[in-house]
Number of protein chains: 2
Amino acid sequence: MITPIIYEEGLVRLLDQRKLPLEEVYIECRDHYQVAQAIRDMVVRGAPAIGITAALGVCLGANTIPASNFNDFFSQLNPVIELLANTRPTAVNLFWALERLKEVVLQNKGLELHSLKQLLVQEALKIMEEEKSANEAIGRWGKELIKEGDQILTYCNTGSLATGGIGTALGIIKTALWEGKRIMVWVSETRPFLQGARLTTWELRQCNIPHRLITDNMAGHLMQKGEVSMVMVGADRIAANGDVANKIGTYTLAVLAKEHKIPFYVAAPTSTIDSTIPSGHQIPIEERAPQEITYIMDRRIAPEKTEVTNPAFDITPHQYIQAIITEKGIIRPPFSFIL
Amino acid sequence: MITPIIYEEGLVRLLDQRKLPLEEVYIECRDHYQVAQAIRDMVVRGAPAIGITAALGVCLGANTIPASNFNDFFSQLNPVIELLANTRPTAVNLFWALERLKEVVLQNKGLELHSLKQLLVQEALKIMEEEKSANEAIGRWGKELIKEGDQILTYCNTGSLATGGIGTALGIIKTALWEGKRIMVWVSETRPFLQGARLTTWELRQCNIPHRLITDNMAGHLMQKGEVSMVMVGADRIAANGDVANKIGTYTLAVLAKEHKIPFYVAAPTSTIDSTIPSGHQIPIEERAPQEITYIMDRRIAPEKTEVTNPAFDITPHQYIQAIITEKGIIRPPFSFIL
C-alpha cells in the first residue's frame, strides 16, 4: 500500500515525490508554511493529493493560531488559507478543499476553538477518505470501458501518489487488472518532472501491472503502428463544458488519439469539476521555473541562459474526449456540469 | 564556425556531440573501428554527417589494408564498408556515401593502391563539400517559405552539427535570418538524446537566432495558442512516395500541424532520398538501448529493470508534408522520387 500523505497529531508527513523512485523518504511538515512549500516544490502533486494536503495544512496552521475568540481566530485563519491557495493555480481540488474547511469554520462559530480545530482535522481526514472512496467508484465504473488485451496509454501519475487512494486513471487500470483482465500499460515519461518515468512505473511495478516506458514523443509512432487501443488520463480541473486542464502534453495525446480514432478518456473525481467556469479558456495555466527544463536531476542539459517556456498544464477541449469517468458514473458528451 | 568533422592525414576528429553543450571536446579516430563506434554511440549524428563520417572511416580503413594488389585490397575493403554500414540502419546517407566510395574503387581498378587510397580521401572530402553546397542551396530555396515574424518549430538538430554545413532545416532558418527576416525558433528538446536542448540551442545561440526551448509534449499547447506558424524539420530517409523517416517525435508534430492547419516542411539534401523503396513502410527503424531512456546524463530516472521501447525514428506519411526542400528546389505533392 502506497501512502503519500500521513497525518499524525500536529504533523503532516509527505512521501517526497521528487526523490522517487531512487529514494523513498518522507518529509515532515509542522506548520502551514512547510505544507505550502511542499506543494509548491511538488513534494506532493496530483490534484486530489494537493487538495488533501492543503486541507491538512489548514489544520496545522489553525493549531498555531493563539486566538481566544472566534473572530480573532477566523481573521488569522484567512491568511493561512490564502497562503495555501496561492501555492499552485491550476488544480481546482486545492481551492475546493480549502473552501470546505472554511465552510466548516463558518458553520461552527459557536464551538470552542479547541473543538473547532478538532473538527477541521476531522473534515480534512474526511476529504481524504472521500477521495479514496471516489477512486474506488471511479475504478468500478471505468473498468467496464477496458477490454481484454487493451494497450492503454497513460500519462503523468494518476495513482496512489496523486490521490491517496488507488488513483483515478490508474485506479481504473488497477481495477481492471484485479478483475483478471489482461492489459498492458504504455507509460509516457511526462517531461519535465518525469512523473511517468519516476512515479507511474514505480507504482505499476508495485502492483505487478505489465507496462513499458516511452518518451512523450513516441506516442504518435505507437498509435500509427496500432499498438495503443485507448488513452486514459486524469485531470486537474474540468470546466462546465467538459474542457479538461491536465498535465502539459495531454492535449497532444488527445489530438493523436483523434487522428488514429482511438478513444480518449479522462478519469477524475467530481471534486475536480469547476462548474463556475464555462470553458477551458478561463482555467489559469501555471508557468513554472525554467530550471525544471534546463536541468534534469541537478544536471544542466541546455546552454546557460537558454530561454524557456514551461507551462505545467494544457487544455484539452471537450470535443476530443469520449467520456469523463467520475465516482458518480461515466459521463458522455455533450458535457454540461452545472452546480 | 562549427566544425563537427575534421579530416587530417590518417585521422578523423569528431566533435563529441554527447558532451555538448557542457563541454566542447573532440575525439580522435585512427581506424574504421573507432569511426564505427563513434557513429553507433552518437558521438556524431545527423544523416548527412553520418554519411561523411562513414566515408572518412572507409579511408582510414583502406589505409590499414596491407594488400599489394587490387583484388586483395578490394576483398579486405569490403568488411570495412560492411562494418560501417552496420552502425545505424535508418539514415540512408550512410549507405549512399559508402556506395559512392565503393564505386570509386571499382571504377579505378587500374590505379596503384597508393593513388586509389588518395582518391578515396578525395571522394570523401568531396562528399563533405557537396553536402555544404547542398545546405546553402537548401537555405536559398527554403528561405522563400519563411515570412517576417514567423514562429518556427524545429526538431532534433539539423544544423552544422548534423551536416558539416549550415544545416538543412536549421540552414533555412539561418539563411532567412541572415536576410534580415525577424523570426523566432521554438526548439523542442527531443528526448531521449536531447539534440534540441543540447545541440540546437547551442548552435542557435552561436548564430544569435532568437529561440525558446520547450519539452516535446508542449508543441500541441503552443499550436493551440497560435504561437507556432510553421514546422520545419530534417529527414533521415525519404522514400519514393515522399514518406519521411526522421527523429522519433517528428510524426507527432506532423499530426499536430495538420490539426492546427500549420504548414509542415521537410528539408533534406537529395542524398537523403531513397528512391529504391516505394514507401515509409520499408524503412528500417532503429531500436536503441533502453538505458537511453531510463538514464539521463548518467542519472537513473526510472526503477531498475523498467521495460522500455526506444525507436530512434518514426515515419511521417507524405500526406502530412506541405513541401520537401532539397538543394534542387522545393518539391510539392504529389511526391514521386524515381531514379
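Side chains are part of it too, since the values below use all heavy atoms of this structure and drop only hydrogens, waters and symmetry mates. Throughout, protein chains are lettered first and strands after them, A, B, ... in sequence-line order, and every chain is numbered starting at 1.
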>> Shorter than 4.5 Å, heavy atoms on both sides: which option in B:Thr316, B:Thr250, B:Leu213 has the most such pairs with chain A?
In response: B:Leu213
>> Under 4.5 Å from any heavy atom of chain B, what part of A:Arg198 do you find: side chain, backbone, both or neither?
In response: both
>> Under a 3.5 Å threshold, yes or no: a donor from one side chain and an acceptor from the other, between B:Tyr155 and A:Asn217?
In response: yes
> Contact part of B:Arg191 toward chain A, heavy-atom cut-off under 4.5 Å: side chain, backbone, both or neither?
Replying inline: both
>> So which atom in A:Ala302 and which in B:Pro21 form the shortest heavy-atom distance, rounded to 0.1 Å?
In response: C-CG, 3.8 Å
> With respect to chain A, which residue among B:Leu222, B:Thr190, B:Val187, B:Thr201 yields the maximal number of heavy-atom pairs within a distance under 4.5 Å?
Replying inline: B:Thr201
>> Given A:Met297, which partner from the list B:Ile301, B:Asp298, B:Ile296 fulfils the side-chain contact (heavy atoms from CB on, under 4.5 Å) test?
In response: B:Ile301
> Can you say whether A:Lys305 sits under 4.5 Å from chain B via the side chain, the backbone, both, or neither, judging by heavy atoms?
Replying inline: both
> Under a 4.5 Å heavy-atom cut-off, does chain B meet the side chain of A:Glu189, its backbone, both or neither?
Replying inline: side chain
>> Are B:Thr309 and A:Trp186 packed together at the side-chain level, in the sense that at least one heavy-atom pair is separated by less than 4.5 angstrom?
In response: yes
>> Which atoms of A:Ile248 are under 4.5 Å from chain B, going by heavy atoms: the side chain, the backbone, both sets, or neither?
In response: both
> Do B:Tyr251 and A:Glu259 have a side chain donor and acceptor closer than 3.5 Å?
Replying inline: no
>> I need the residue from A:Thr215, A:Asn310, A:Ile315 with the largest number of non-hydrogen atom pairs under 4.5 Å to chain B.
In response: A:Thr215
> Can you check whether A:Gln224 reaches B:Pro317 side chain to side chain, under 4.5 Å on heavy atoms?
Replying inline: yes
> Which region of B:Lys247, side chain (C-beta onward) or backbone (N, CA, C, O), has a non-hydrogen atom less than 4.5 Å from a non-hydrogen atom of chain A, or is it both or neither?
Replying inline: neither
> Of all of A:Leu253, A:Ile285, A:Thr200, A:Thr252, which one pairs up most often with chain B through heavy atoms under 4.5 Å apart?
Replying inline: A:Thr252
> Quick one: of B:Glu304, B:His260, B:His221, who has the most non-hydrogen atom pairs under 4.5 Å with chain A?
Replying inline: B:His221
> Which one of A:Ile214, A:Leu20, A:Leu22 has the most heavy-atom pairs closer than 4.5 Å to chain B?
Replying inline: A:Leu22
>> Less than 4.5 Å to any heavy atom of chain B: does that hold for the side chain of A:Arg299, its backbone, both, or neither?
In response: side chain
> So which of A:Pro303, A:Pro311, A:Ser188 has the largest heavy-atom pair count under 4.5 angstrom toward chain B?
Replying inline: A:Pro303
> Between B:Met218 and A:Ile293, is any pair of side-chain heavy atoms under 4.5 Å apart?
Replying inline: yes
> With only heavy atoms counted, which part of B:Asp314 is less than 4.5 Å from chain A, the side chain, the backbone, both or neither?
Replying inline: both
